[in-house]
Amino acid sequence: MGFAADVSGSMGNTADALACAAWICAQAVRLIGGRTAALAWGSTVTPLIRPGASPSHVPVLSTPEGTVVLPEAIRALDGALSLSESGSGDARLLIIASDGDLAGSDDDDEDPAVISQSLVDRLRRHGCAVLWLCLDGRPRVLDGAVPVEATTRSAPPARSARPPPRPSGGPAGDPPREP
């Protein structure tokens, strides 16, 4: 499983959530005997979790970059994890966490969105699922990627002023009794 986290400026409020998501995914894949790699992409590609590594802590992300290297991120994860190699029988998944605000170009041969779409199409043709993790509520998702809407909270949910209901079965403070 490959995890590609967008660290462009527009994703600044999601950096902590993305770092946690990458770590959680790596732990889950390790538990089932799979391999994972995670990286951050913006103006450059930065490894977060090396292929097959089991990270002991959540990686730290910063988000001051642009969004021109998604194609390089997809290629790097494909190369490290063989995401486009069909026939292995292993499940393969690429998770792209982004708002989809990709820097464009007037030339389709250099447009990161066009190139990324081509790479996603190739992965899908070879049996690799592509999931697009949307954290900002207004994503632009590449065709063929499955959008998964997630929201972040700036504060914990409000607690009710009423105490939780008491278990039935005995006087106040006693645990319920077996029949």
Side-chain angles (χ1 to χ4, degrees), residues 1-8 10-11 14-15 17-55 59 61 63 65-150:
M1 185 224 51
F3 192 97
D6 179 352
V7 292
S8 64
S10 64
M11 295 291 288
T14 65
L18 291 178
C20 288
W23 185 84
I24 290 167
C25 288
Q27 296 302 317
V29 169
R30 180 188 58 81
L31 288 173
I32 60 170
R35 285 178 16 110
T36 190
L39 51 79
W41 60 275
S43 299
T44 60
V45 174
T46 305
L48 298 175
I49 300 170
R50 303 231 179 249
S54 180
L61 293 178
T63 55
E65 300 194 25
T67 55
V68 296
V69 297
L70 178 55
E72 287 83 352
I74 295 170
R75 286 184 190 112
L77 289 168
D78 185 15
L81 299 169
S82 304
L83 296 174
S84 63
E85 286 187 22
S86 17
S88 69
D90 293 333
R92 290 161 289 124
L93 172 67
L94 172 63
I95 298 173
I96 300 171
S98 176
D99 59 8
D101 189 9
L102 304 175
S105 167
D106 291 336
D107 182 359
D108 281 354
D109 291 338
E110 295 179 15
D111 187 334
V114 172
I115 298 166
S116 297
Q117 182 64 64
S118 171
L119 293 168
V120 164
D121 292 344
R122 179 175 180 267
L123 289 173
R124 292 192 62 240
R125 276 193 312 274
H126 290 277
C128 179
V130 179
L131 185 142
W132 196 284
L133 184 59
C134 313
L135 295 174
D136 71 351
R138 53 175 179 77
R140 287 167 295 288
V141 178
L142 293 176
D143 292 338
V146 176
V148 175
E149 191 75 33

D6 and T14: side-chain contact (heavy atoms from CB on, under 4.5 Å), yes or no, with the steps? CA-CA 9 Å; D6 179 352; T14 65; over 6 Å; no

Note: A22 and A38 closest approach over all heavy atoms is CB-CB, 4.2 Å

Is E85 close to C128 at the side-chain level, that is, under 4.5 Å between some pair of heavy atoms? no

Testing the basics here: between I115 and P71, what is the closest heavy-atom pair and its distance to 0.1 Å? CG2-CB, 3.5 Å

Given L70 and S98, is the side-chain contact (heavy atoms from CB on, under 4.5 Å) satisfied, shown in steps? CA-CA 10 Å; L70 178 55; S98 176; over 6 Å; no

Would one find more than 12 heavy atoms of other residues, nucleotides or ligands at under 6.0 Å from atom CZ of R124? no

Reported CZ-to-CG distance for the pair F3 and L18, which is rounded to 0.5 angstrom: 5.5 Å

Interatomic spacing from CD1 in I74 to OG in S84 - rounded to 0.5 Å: 11.5 Å

Taking the side chain as C-beta and beyond, is there a heavy-atom pair between R140 and D101 under 4.5 Å? yes

Could you pull out the closest heavy-atom pair between S116 and P112, with the gap in Å? OG-O, 2.7 Å

Could you go through the side-chain contact (heavy atoms from CB on, under 4.5 Å) check for L93 and V29 one step at a time? CA-CA 11 Å; L93 172 67; V29 169; over 6 Å; no

Walk me through it: do R122 and D78 pass the test salt bridge (charged side-chain N to carboxylate O under 4.0 Å, His left out)? CA-CA 11 Å; R122 179 175 180 267; D78 185 15; 3.1 Å; yes

Which heavy atom of L39 sits nearest a heavy atom of P47, and at what distance? CB-CA, 4.1 Å

Heavy-atom closest pair (A26 atom, I49 atom, distance to 0.1 Å) is CB-CD1, 3.8 Å

Which heavy atom of V45 sits nearest to which heavy atom of A73, and what is that distance? CG2-N, 3.8 Å

Here the gap from L83 atom CG to H126 atom NE2, rounded to the nearest 0.5 Å, amounts to 11.5 Å

Under the 3.5 angstrom rule, does the side chain of Q117 hit a backbone N or O of D143 as a donor-acceptor pair? yes

S54 OG to R35 CZ distance, which is reported to the nearest 0.5 Å: 13.0 Å

Contact check, side chains of W41 and V7, non-hydrogen atoms, under 4.5 Å: no

Sole residue of T36, L133, V130 in side-chain contact (heavy atoms from CB on, under 4.5 Å) with I95: L133

Check whether R75 reaches the backbone of L119 with its side chain - one donor and one acceptor, N or O, closer than 3.5 Å. no

Indicate yes or no: at least one non-hydrogen side-chain atom of R125 is less than 4.5 angstrom from one of D121. yes

Output the distance between atom CZ (R92) and atom OG (S82), rounded to the nearest 0.5 Å. 9.0 Å

Taken to the nearest 0.5 Å, the spacing of W132 CH2 from L94 CG works out to 9.0 Å

Do the side chains of L81 and M1 get nearer than 4.5 Å, heavy atoms only? no

